[in-house]
There are 2 protein chains.
Amino acid sequence: MPRQKFLQIYSQLKQRIESGEYPVGQLLPSENTLIGEFDCSRNTVRRAISELVRDGYVQTRQGWGVCNIFQPIEHSSYTMGMIESFRETARRTGQTSTTRVVAFEPCTADESIAAQTGFPVGEELFALQRIHDLDGVARILNISYLRRSCMPGLTREIAEGSLYRYLEEELGMSIITSKRTFTVELATPQDRQWLDLGEYNCLAVVANQVYNSEGVMFEYTQSRHYPGSFRFQDNAVRRPEES
Amino acid sequence: MPRQKFLQIYSQLKQRIESGEYPVGQLLPSENTLIGEFDCSRNTVRRAISELVRDGYVQTRQGWGVCNIFQPIEHSSYTMGMIESFRETARRTGQTSTTRVVAFEPCTADESIAAQTGFPVGEELFALQRIHDLDGVARILNISYLRRSCMPGLTREIAEGSLYRYLEEELGMSIITSKRTFTVELATPQDRQWLDLGEYNCLAVVANQVYNSEGVMFEYTQSRHYPGSFRFQDNAVRRPEES
DNA sequence: GCCGATTTGTCCGTATGTATC
DNA sequence: CGATACATACGGACAAATCGG
């Protein structure tokens with residue numbers, strides 16, 4: 001259980017919603033009621049609720065209340081709104097996963113790489129390519145560029161394991177922000193070399209820029225997904241008139 | 001200019017970041033400094049900053065500061081994190097846009113429709129199909145199901161215009177929450193009938209469940225995009241250990 | 001249409017905890 | 001260790017929207 005109070009309240013409310021304790025389409029108890037139940041301040045309850053709004057569990061309306069809009073679909077193979085490693089996703093969905101490194105070499109950012117990744121021209125990088133297998137079938141081709149100055153001791157052997165675990169545990173680098181762009185691209189010969197696309201001639205491509213806790217972009221990864229096992233979710237809340 | 005203080009501060013900070021007033025990779029002024037500058041409370045500054053974090057402009061770190069991670073790429077043809085109508089998107093990107101209704105008829109949700117849309121079986125709906133043209137080329141096939149009880153007077157003529165404007169202005173229905181799922185699907189004969197896919201044999205499909213202010217899902221729309229003009233953006237922030 | 005009770009939205013001030021340097 | 005910075009939490013005040021009488 002998390003130490004922070006607002007996360008405790010958030011978790012409990014979420015669990016109640018998922019378990020059907022609050023009827024769908026109905027109002028949750030009012031903030032004042034929840035204040036009494038959880039013995040906390042109004043702000044703390046409000047923070048928990050705002051996280052539930054962000055996650056698409058509830059919807060609020062001034063003068064009315066907090067409405068449960070949970071629908072238990074969400075059997076996604078890939079979840080949005082958070083940074084999740086390939087391994088974490090596979091574990092959550094109960095699939096076996098393996099990772100193979102098919103390329104690893106130092107390189108320098110030229111104009112083309114810079115334009116694509118956002119690294120400055122001339123930056124010293126590692127180029128890393130990995131294949132992710134789900135239940136024994138190659139499903140994702142990962143093309144990464146890593147800032148060498150952030151991880152000078154990186155080797156192919158380390159990349160074979162969990163890159164993020166290395167960065168966090170060995171280098172004490174906690175990943176904070178990630179900017180993602182999603183597109184659909186025609187398959188390249190390289191895609192076909194590694195992935196069995198079946199009928200598809202396209203891939204779902206997620207371009208990911210990852211920033212460490214110092215605000216330095218240290219990783220650009222293009223994840224090229226077999227379309228059949230790709231899914232992305234998102235919730236949006238409309239603001240009254242936010243230009 | 002928005003009336004709310006936190007939005008004013010948010011807008012001003014965002015504009016300064018976009019205009020390069022704060023160096024990229026450097027810290028913004030501390031919260032206490034901003035409190036003095038904007039003559040407000042700590043909470044208000046923090047709220048503005050938290051919105052900037054959500055939008056991928058800055059990143060915060062306890063004990064350190066608020067770091068500018070803005071990168072002026074973002075020339076996307078489709079923006080995430082908010083609910084934007086086709087018309088709004090086209091206007092923003094300077095493209096001409098037209099909408100054609102190619103099908104409009106009442107129907108009832110059967111098992112298949114219910115499973116796909118999330119409407120209950122037996123619900124009375126309108127089935128609506130529209131084509132969106134960008135600069136004269138058909139780019140999006142929209143397949144919608146609308147809850148008839150929420151818009152009993154809807155006609156094909158109204159659907160020819162702006163559906164959302166009708167809902168908001170005529171019915172006083174303000175849209176609040178939208179749940180989106182993105183996938184890549186093989187083109188169907190129907191897709192090929194309406195869209196010129198060129199080399200692609202897939203489409204980018206955005207399934208959208210829209211809730212009105214009463215918490216009732218009133219619209220399910222599947223937007224089937226020509227892949228070449230589709231792009232989706234997202235920012236994610238990793239929490240320390242949020243299970 | 002008005003009024004009052006309820007509920008969420010905004011904003012303030014303060015105190016304490018925790019991470020960074 | 002101390003100074004600084006962000007993170008969490010509390011309590012209070014008023015505004016704005018909703019709903020029922």
Side-chain angles (χ1 to χ4, degrees), chain A residues 1-11 13 22 26-54 58-69 168 172-174 176-177 212-216 237-242, chain B residues 1-11 13 26-54 58-69 172-174 176-177 212-216 237-242:
Chain A
M1 186 158 81
R3 306 181 318 293
Q4 293 132 329
K5 212 169 216 182
F6 80 91
L7 278 181
Q8 295 177 24
I9 299 170
Y10 163 80
S11 302
L13 291 178
Y22 298 132
Q26 305 271 317
L27 296 185
L28 267 61
S30 76
E31 291 176 354
N32 275 323
T33 309
L34 295 174
I35 288 170
E37 179 184 344
F38 291 106
D39 186 33
C40 65
S41 75
R42 176 136 182 259
N43 284 333
T44 306
V45 163
R46 284 181 60 76
R47 170 128 189 221
I49 291 172
S50 76
E51 307 274 316
L52 292 172
V53 170
R54 178 177 55 74
V58 300
Q59 169 173 279
T60 64
R61 200 168 126 226
Q62 191 174 162
W64 193 47
V66 180
C67 180
N68 178 4
I69 58 169
E168 292 201 1
M173 202 162 129
S174 54
I176 305 243
T177 301
N212 69 11
S213 55
E214 294 177 355
V216 175
V237 179
R238 191 190 193 92
R239 288 294 195 67
E241 29 113 21
E242 185 180 334
Chain B
M1 187 158 80
R3 304 180 319 292
Q4 293 134 339
K5 213 168 218 181
F6 79 92
L7 278 182
Q8 293 178 25
I9 299 172
Y10 163 80
S11 301
L13 291 178
Q26 304 271 316
L27 296 185
L28 266 61
S30 76
E31 290 178 353
N32 276 322
T33 308
L34 295 173
I35 288 170
E37 178 181 346
F38 292 104
D39 186 32
C40 64
S41 77
R42 178 118 190 268
N43 284 333
T44 306
V45 163
R46 284 180 60 74
R47 172 134 186 218
I49 291 172
S50 76
E51 306 274 315
L52 292 172
V53 170
R54 177 176 57 72
V58 301
Q59 166 173 282
T60 64
R61 198 166 128 226
Q62 190 174 163
W64 194 48
V66 180
C67 181
N68 178 3
I69 57 169
M173 202 162 129
S174 55
I176 305 243
T177 302
N212 69 10
S213 55
E214 293 177 355
V216 176
V237 179
R238 192 190 192 92
R239 287 292 195 67
E241 28 114 20
E242 185 181 333

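Proteins come first, then strands; the chains are lettered A, B, ... in the order of their sequence lines, and each starts at number 1. Owing to the predicted nature of the structure, the values given are computational and were not obtained by experimental measurement.
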Quick one: list whatever passes side chain to side chain donor-acceptor pair (under 3.5 Å) with B:Thr33, sequence neighbours left out.
B:Ser30
Using whole Å, what does the distance between atom C1' of nucleotide D:dA16 and atom CD of A:Glu31 come to?
14 Å
Residues forming a salt bridge (Lys or Arg N to Asp or Glu O under 4.0 Å) with A:Glu37, sequence neighbours excluded
A:Arg16
Phosphate oxygens OP1/OP2 of D:dT8: is one of them under 4.0 Å from a side-chain N or O of A:Arg47?
yes
Atom-to-atom span, CZ of B:Arg42 to P of D:dA7 - whole angstrom:
8 Å
Nearest-angstrom distance from the residue atom CD1 of B:Ile49 to P of D:dC6
7 Å
C:dT14 pairs with, by Watson-Crick or G-U criteria that keep both distances under 3.5 Å
D:dA9
Do B:Ile176 and B:Asn212 have side-chain heavy atoms sitting under 4.5 Å apart?
no
Any donor-acceptor pair under 3.5 Å from A:Asn68 side chain to A:Tyr22 backbone
yes
Measuring to OP1 and OP2 of D:dA7, would you say a side-chain N or O of B:Thr60 lies under 4.0 angstrom away?
yes
If you walk 5' to 3' along DNA chain C, what is the first nucleotide with an atom under 4.0 Å of a heavy atom in chain B, and what is the last?
C:dT10 to C:dC21
Flag the pair B:Ile35 / B:Arg42 as yes when at least one side-chain heavy-atom distance between them is below 4.5 Å, and no otherwise.
yes
If you assign B:Leu28 and A:Cys40 each to the DNA chain D nucleotide with the nearest heavy atom, which residue ends up on the more 5' nucleotide?
B:Leu28
How would you list, by chain and number, every residue that makes a side chain to side chain donor-acceptor pair (under 3.5 Å) with B:Arg46, sequence neighbours excluded?
B:Glu31
For a side chain to side chain contact (heavy atoms under 4.5 Å, CB included) check, start with the C-alpha distance between B:Gln59 and B:Ile69, then their side-chain angles and the critical distance, and finish with the verdict.
CA-CA 7 Å; B:Gln59 166 173 282; B:Ile69 57 169; 4.1 Å; yes
Any sub-3.5 Å donor-acceptor pair from B:Arg61's side-chain atoms to A:Ser213's backbone N or O?
yes
Value in whole Å for how far the C1' atom of D:dT8 lies from CZ of B:Arg46
8 Å
Would you list the protein and nucleotides 17-21 of chain D atom pairs, both N or O, that sit under 3.5 Å from each other?
unit_1	atom_1	unit_2	atom_2	d
D:dT18	O4'	A:Gly63	O	3.3

Provide, to the nearest angstrom, the distance between the CG atom belonging to B:Asn43 and the P atom belonging to D:dC6.
14 Å
Which residues share a side chain to side chain contact (heavy atoms under 4.5 Å, CB included) with A:Cys40, sequence neighbours left out
A:Lys5, A:Ile9, A:Phe38, A:Thr44, A:Val45
